[in-house]
Engineer: 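Handing you a structure now.
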Protein chains: 2
Amino acid sequence: MAKRKMTSTNSINREKLNDLCGMEYAIDLLGGRWKLLILYKLENRALRFIELKKILPGITDRMLTLQLRELEKDGLLHRTVYPEVPPRVEYRLTDSAEKLIPVWKALERWGDAHREVQLPG
Amino acid sequence: MAKRKMTSTNSINREKLNDLCGMEYAIDLLGGRWKLLILYKLENRALRFIELKKILPGITDRMLTLQLRELEKDGLLHRTVYPEVPPRVEYRLTDSAEKLIPVWKALERWGDAHREVQLPG
DNA sequence: TACGCCACACACAAAAATGTAAGTAATGGC
DNA sequence: GCCATTACTTACATTTTTGTGTGTGGCGTA
């Protein structure tokens, strides 16, 4: 997710779609295994690295770091470092990320409902 | 996206998150380069394979086939085959997929707004 | 007979996402 | 001095996603 070969068709297609519509741009920022879940966990309060790690089942240090970095870069998280030892770093949603709350709630409701419908298959 | 090694940590994490919440389940069904865009194009009318291909910039036969197959399997698309030559196959949204329309519209609005905010960075 | 049409299928290759294992710095407590 | 704590980093390996190129069937048209 970090380093991309900007000349690949894959990359070019991604960019084309990003330019094309805000939906694909959003998917690009929010896609992947952990990102929406991280935002979701931060919905009510700021959390520090280790707290996120505890409540995200199975995530590794490396993946958590990567995802937090990208979310920060993309303007979805604020990162606050407290100069203590051992270190304390807190993450919280940006205003823009908070505007997404109703969207992921709707997605969650749809997912739950759709799963019911799909159970036979 | 089709064949997965069900014993990998990757796969296991995916399943864990799917069980955990409808949001991750939804992301799993809708994620990837093309799926939401395909649904989006089908919002107003059914389209056949070749029509989709024309309006999805850069997609290949193979990717379109794969994505359509999965969307069908996951209950988001109906596939109708007309026994003609050359073949005609039409795709349209299921009821469940139509319930997603407001969600992707909201996502699109958010994406457009967020992109404005992010322009400097 | 040759060709184009359409909706694919197949074998293969490249790129991207995710995971594994180990190590780091600074400090406080024992 | 030794260990625990926290938020990382780095090199590497695996898995998953995406793309490339070619082929197929059956019918209509040239």
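Every chain is numbered from 1 and lettered A, B, ... according to where its sequence line falls, protein lines coming before strand lines.
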Engineer: Could you state the atom-to-atom distance from CG of B/Leu66 to P of D/dT16 in whole Å?
Structural biologist: 15 Å
Engineer: Looking at every non-hydrogen atom in both residues, tell me the closest pair between A/Gly111 and B/Ala26 and how far apart they are.
Structural biologist: CA-CB, 4.3 Å
Engineer: Send over the distance from A/Met63 CE to D/dC8 C1', rounded to a whole Å.
Structural biologist: 15 Å
Engineer: The side chain of A/Phe49 is closest to which nucleotide in this list: D/dC27, D/dC8, C/dA7?
Structural biologist: D/dC8
Engineer: Output the rounded distance in Å from CG (A/Asp28) to C1' (D/dT17).
Structural biologist: 14 Å
Engineer: Quick one: are A/Tyr25 and B/Gln118 in side-chain contact, heavy atoms under 4.5 Å?
Structural biologist: yes
Engineer: Atom CZ of A/Arg69 to atom P of D/dT10: distance rounded to whole Å?
Structural biologist: 10 Å
Engineer: Would you kindly give the CZ-to-C1' distance between A/Arg48 and D/dA7, to the nearest whole Å?
Structural biologist: 9 Å
Engineer: Looking at the base of D/dT18, is there any donor atom on it, or on the side chain of B/Arg62, that sits under 3.5 Å from an acceptor on the other one?
Structural biologist: yes
Engineer: Respond yes when some side-chain nitrogen or oxygen of B/Ser8 is under 4.0 Å from OP1 or OP2 of D/dT16, and no when none is.
Structural biologist: yes
Engineer: Send over the distance from A/Leu17 CG to D/dT17 C1', rounded to a whole Å.
Structural biologist: 15 Å
Engineer: Quick check on DNA chain C: between B/Thr9 and B/Leu68, whose nearest nucleotide comes earlier from the 5' end?
Structural biologist: B/Leu68
Engineer: Does D/dG19 have OP1 or OP2 sitting under 4.0 Å from an N or O in the side chain of A/Asn13?
Structural biologist: yes
Engineer: Return the nearest nucleotide to the side chain of A/Arg79; candidates are D/dA7, C/dA7, D/dT18.
Structural biologist: D/dA7
Engineer: If only side-chain N and O atoms of A/Ser11 are considered, is one of them under 4.0 Å from the OP1 or OP2 phosphate oxygen of C/dA16?
Structural biologist: yes
Engineer: Touch check for B/Tyr91, heavy atoms < 4.0 angstrom, all strands: base, sugar-phosphate only, or nothing?
Structural biologist: sugar-phosphate
Engineer: Within the 4.0 Å heavy-atom criterion, would you say A/Thr65 contacts the bases, only the backbone, or no part of the nucleic acid?
Structural biologist: base
Engineer: Compare the minimum distances between each of D/dG19, C/dA15, D/dT5 and the side chain of B/Thr60, then state the nucleotide with the smallest one.
Structural biologist: D/dG19
Engineer: Do A/Tyr40 and A/Leu42 sit in the same hydrophobic cluster, where Ile, Leu, Val, Met, Phe, Trp and Tyr count as joined when their side-chain heavy atoms come under 4.5 Å apart?
Structural biologist: yes
Engineer: Rounded to the nearest 0.5 Å, what separation is found between the CG atom of B/Asn44 and the CD1 atom of B/Ile101?
Structural biologist: 7.5 Å
Engineer: How many Å lie between CG on B/Asp61 and P on D/dT24, as a whole number?
Structural biologist: 16 Å
Engineer: Counting just side-chain N and O atoms, does A/Arg14 come under 4.0 Å of either OP1 or OP2 of C/dA17?
Structural biologist: yes
Engineer: Calculate, to the nearest 0.5 Å, the distance between atoms CG and CD1 belonging to A/Leu37 and A/Ile59 respectively.
Structural biologist: 8.0 Å
Engineer: Rounded to the Å, how far apart are B/Ile59 CD1 and C/dC8 P?
Structural biologist: 12 Å
